[in-house]
Number of protein chains: 4
Amino acid sequence: MRQKDEAKARDILRATLEEVQAVGLAGLSVEAVARRAGVATGTVYVYFKGKEALLDELYLHTKQKFAAFVLRDDGLPLRATFTRITCAYLDYVTENAAEMVFMGQMANSPYVTPQTRETVALGVRPLMALLERGKAEQLLKDVDIAWMTAFLGGVMHAMAPLGARLAPDARRQFQETVAALCWDALKA
Amino acid sequence: MRQKDEAKARDILRATLEEVQAVGLAGLSVEAVARRAGVATGTVYVYFKGKEALLDELYLHTKQKFAAFVLRDDGLPLRATFTRITCAYLDYVTENAAEMVFMGQMANSPYVTPQTRETVALGVRPLMALLERGKAEQLLKDVDIAWMTAFLGGVMHAMAPLGARLAPDARRQFQETVAALCWDALKA
Amino acid sequence: MRQKDEAKARDILRATLEEVQAVGLAGLSVEAVARRAGVATGTVYVYFKGKEALLDELYLHTKQKFAAFVLRDDGLPLRATFTRITCAYLDYVTENAAEMVFMGQMANSPYVTPQTRETVALGVRPLMALLERGKAEQLLKDVDIAWMTAFLGGVMHAMAPLGARLAPDARRQFQETVAALCWDALKA
Amino acid sequence: MRQKDEAKARDILRATLEEVQAVGLAGLSVEAVARRAGVATGTVYVYFKGKEALLDELYLHTKQKFAAFVLRDDGLPLRATFTRITCAYLDYVTENAAEMVFMGQMANSPYVTPQTRETVALGVRPLMALLERGKAEQLLKDVDIAWMTAFLGGVMHAMAPLGARLAPDARRQFQETVAALCWDALKA
DNA sequence: CATGAATGAGTTTTCATTCAT
DNA sequence: TATGAATGAAAACTCATTCAT
């Protein structure tokens, strides 16, 4: 027998991502996903329990890949980390348009299970640790960590798309501006 | 359309809003909207060209009502206006949950026409004027206006839901914190 | 608007009956039923909640029509009633082949709801009353009524199809034989 | 087929029986059968040509096992044999619920091939021989043998389930009653 | 022979839209 | 204009069967 192929599951997930970018979350059909992945309709149901499960799982994967790329505490000084996160976020938006579209469409949809929403929420932990450190060293304001992470998330989410359209050199300046705004907002 | 009964059109729009809050944008059916509005299915098509038009129009209305409430330049000093906007945004979120859910779900959906998206974008004009004034008076950093509005929009969008859950007195302090963060970020 | 048409519901029920006779309960598709009834597929779902509900309802109707025809206590002497029931049962089998096939296929299927099964069971009441009378007059054996009805039901169910194939005059004799067997079995 | 492992074929047949009892004939899936039998889906097709063949074959086996147990002419006097058959039938129903459910669901289904239906019909031969003997000895009425067997089959089929629910001592009396009814019906 | 992943035709069901009344 | 029954295309999902391993 063919062994259940991990690569095939990835094909289906990738096809879903592309299809959402192409036709939107409403308008996504399992058949189109299968066709794009190069498998039969039924095969999708071999790897995923159903359309909802497929989307939920893809959302989890996408968010985690994203968080792993952007939200790292690499031990740089705090101010430098702000710049690093800004750059990483912006680079990600620029180079992974399909992922961003997908996350945007899923974020408020009823397809995401509470379980996944919870797991995803854990992704900001490294950022929280970083901010905690900043607060302990009195480099940052004495503000609730959850508020700070929401603040940073909101800023990045709203601003990154603006930077993606810029020419490379303007982008550099953009990134520094975003980092500066965030830093000025949160610094003690 | 729009001949006979202006109230009936509003019933349908309100019903749509509530239904999206209840079952999500995916899962919204015209029949459920009609039932909730207390009219027949066909009547929806008397007042709106179709499901897409209904959603698009409702999105426009909702955004404009929201912008009118939150994004006013009432001539207060700049710093005070930051606090006013924060309060207004947060109050709106707290008291119009269905509207917020609807706007969240629509923002990235393919239901919104480019025309509407454009019109909605004009809603931030008062805010842009305000920021322009601040820049002219050298109270604010010399940063692209579009970047600033994106910044403020992102912060509000991400933080307001956190405040909505707080007790009234804690909420007061929350609002001031949000306003302070934004001010520190943008002030010269 | 078109008023919900009682005749259309009957068309669908009749079409279901015929379709089951033609292709069996396994192999019954809603689309084929709709085609045979001369309506669109979706129309079936206007009148019935789903395939299961359609079958369950049809089973109830069929059983009740059958019981009303066969299981009447028309006040004749007991012995004569045995003959009457035998004749009625046999006539019914002969003239309503589709109904019999359908009842046979449904009887042991999981499509029938317990509720319907219960209601159908009430159909033997007139027969039970008749047997009660016979016991009171000591014309019948002192045997549990439920046992007697099961006995008669079993005999009819098994024997009637044999009679349906006979020529009219042989059939007359057949009916009398069946009645005689039942009478001899139950009489005191 | 049938080369390697006779036991595996029996496992599959047994699993089918149990699965039909659990989910009904409609709702039976080959995969569920395989899972219950502890083999792979494909293995079912090694031992049986397909789903229909599996069911048909199982029906034949079940009917024959049943007939062998119930319909024996063991040379007892006629009246005693009536009691014996009643007891055997009832015992079988009580102890082989899954078999009875399966036979009930298959009897009217299109899965049974005419060939099998014919072979199964031969199972009543011993009973027919017994009744023939009774007629020759003028112990029984002069009634068509086919009618008599239908009569007895119908009575047993309908009544046995009633007895299965009784306590052991009540069951004894039940069996005698059933035997008496049949005897009174058929005796000369 | 045994496996179970893969297939894809076929099934049930939904739902935006139309239209007779 | 208002109604809601009717439509039928499209969607999600199932499952008997095949086949590569």
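Numbered from 1 within each chain, the chains take letters A, B, ... in sequence-line order.
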Atom CD of D/Glu6 and atom P of E/dA2 are separated, to the nearest Å, by 12 Å
Side-chain N or O of C/Lys51 closer than 4.0 Å to phosphate OP1/OP2 of E/dT13: no
A/Asp11 CG to E/dT7 P, in whole Å, measures 11 Å
A/Ile12 CD1 to E/dA5 P, in whole Å, measures 13 Å
From CG of B/Asp5 across to P of F/dT3 the rounded distance in Å is 10 Å
Considering only NZ, NE, NH1 and NH2 on the basic side and carboxylate oxygens on the acidic side, decide whether D/Asp11 and D/Arg14 come within less than 4.0 Å. yes
Considering just the side-chain nitrogens and oxygens of A/Lys8, establish if one lies under 4.0 Å of OP1 or OP2 belonging to E/dA5. no
5'-most contact on DNA chain E (nearest-nucleotide basis), B/Glu31 vs C/Tyr45, goes to C/Tyr45
*Can you check whether B/Thr16 reaches B/Ile12 side chain to side chain, under 4.5 Å on heavy atoms?*
yes
Heavy-atom nearest pair, B/Ser109 first then B/Arg117, reads O-NH2, 3.2 Å
inquiry  = Is D/Thr43 close enough to E/dT3 that one of its side-chain N or O atoms is under 4.0 Å from OP1 or OP2 there?
reply    = yes
Against the side chain of A/Ala40, the closest entry in E/dT12, E/dT7, F/dT17 is E/dT7
Paired to E/dG10 by Watson-Crick or G-U wobble criteria (both distances under 3.5 Å) is F/dC13
Aromatic plane relationship, C/Tyr92 with C/Phe66 - under 30° parallel, 30 to 60° tilted, over 60° perpendicular: perpendicular
### Message
Taking any heavy-atom pair under 4.0 Å as a contact, classify D/Ser29: base, sugar-phosphate, or nothing.
### Response
sugar-phosphate
Note to self: What verdict does the side chain to side chain contact (heavy atoms under 4.5 Å, CB included) test give for C/Thr41 and C/Val33, after you've listed the backbone C-alpha separation in whole Å, the side-chain angles of each residue and the deciding distance to 0.1 Å?
What the structure shows: CA-CA 8 Å; C/Thr41 322; C/Val33 167; over 6 Å; no
To the nearest angstrom, the CG-C1' distance between A/Leu55 and F/dA11 comes to 14 Å
From CD of C/Glu19 across to C1' of E/dT12 the rounded distance in Å is 15 Å
By nearest-heavy-atom nucleotide on DNA chain F, the more 5' of A/Glu52 and B/Gly42 is B/Gly42
At under 4.0 Å, does any side-chain N or O of D/Tyr47 touch on OP1 or OP2 of E/dA2?
yes
Would you say E/dT17 has OP1 or OP2 under 4.0 Å from some side-chain N or O of B/Lys49? no
Checking N1-N3 plus N6-O4 or O6-N4 for Watson-Crick, or N1-O2 and O6-N3 for wobble, each under 3.5 Å, the partner of E/dT3 is F/dA20
Answer with base, sugar-phosphate or nothing: what part of the nucleic acid does A/Leu54 contact at a heavy-atom distance below 4.0 Å?
nothing
| A/Val112 and A/Val120: side chain to side chain contact (heavy atoms under 4.5 Å, CB included), yes or no, with the steps? | CA-CA 10 Å; A/Val112 185; A/Val120 162; over 6 Å; no
**Prompt:** Reckon A/Val39 touches a base, only the sugar-phosphate, or nothing at all at heavy-atom distances under 4.0 Å?
**Reply:** sugar-phosphate
Assert: residue with more 5' nearest nucleotide on DNA chain E, out of C/Val30 and A/Val44, is A/Val44
Rounded to whole Å, CZ of D/Arg35 lies from C1' of E/dA5 at a distance of 15 Å
From CG of C/Leu28 across to P of E/dT13 the rounded distance in Å is 11 Å
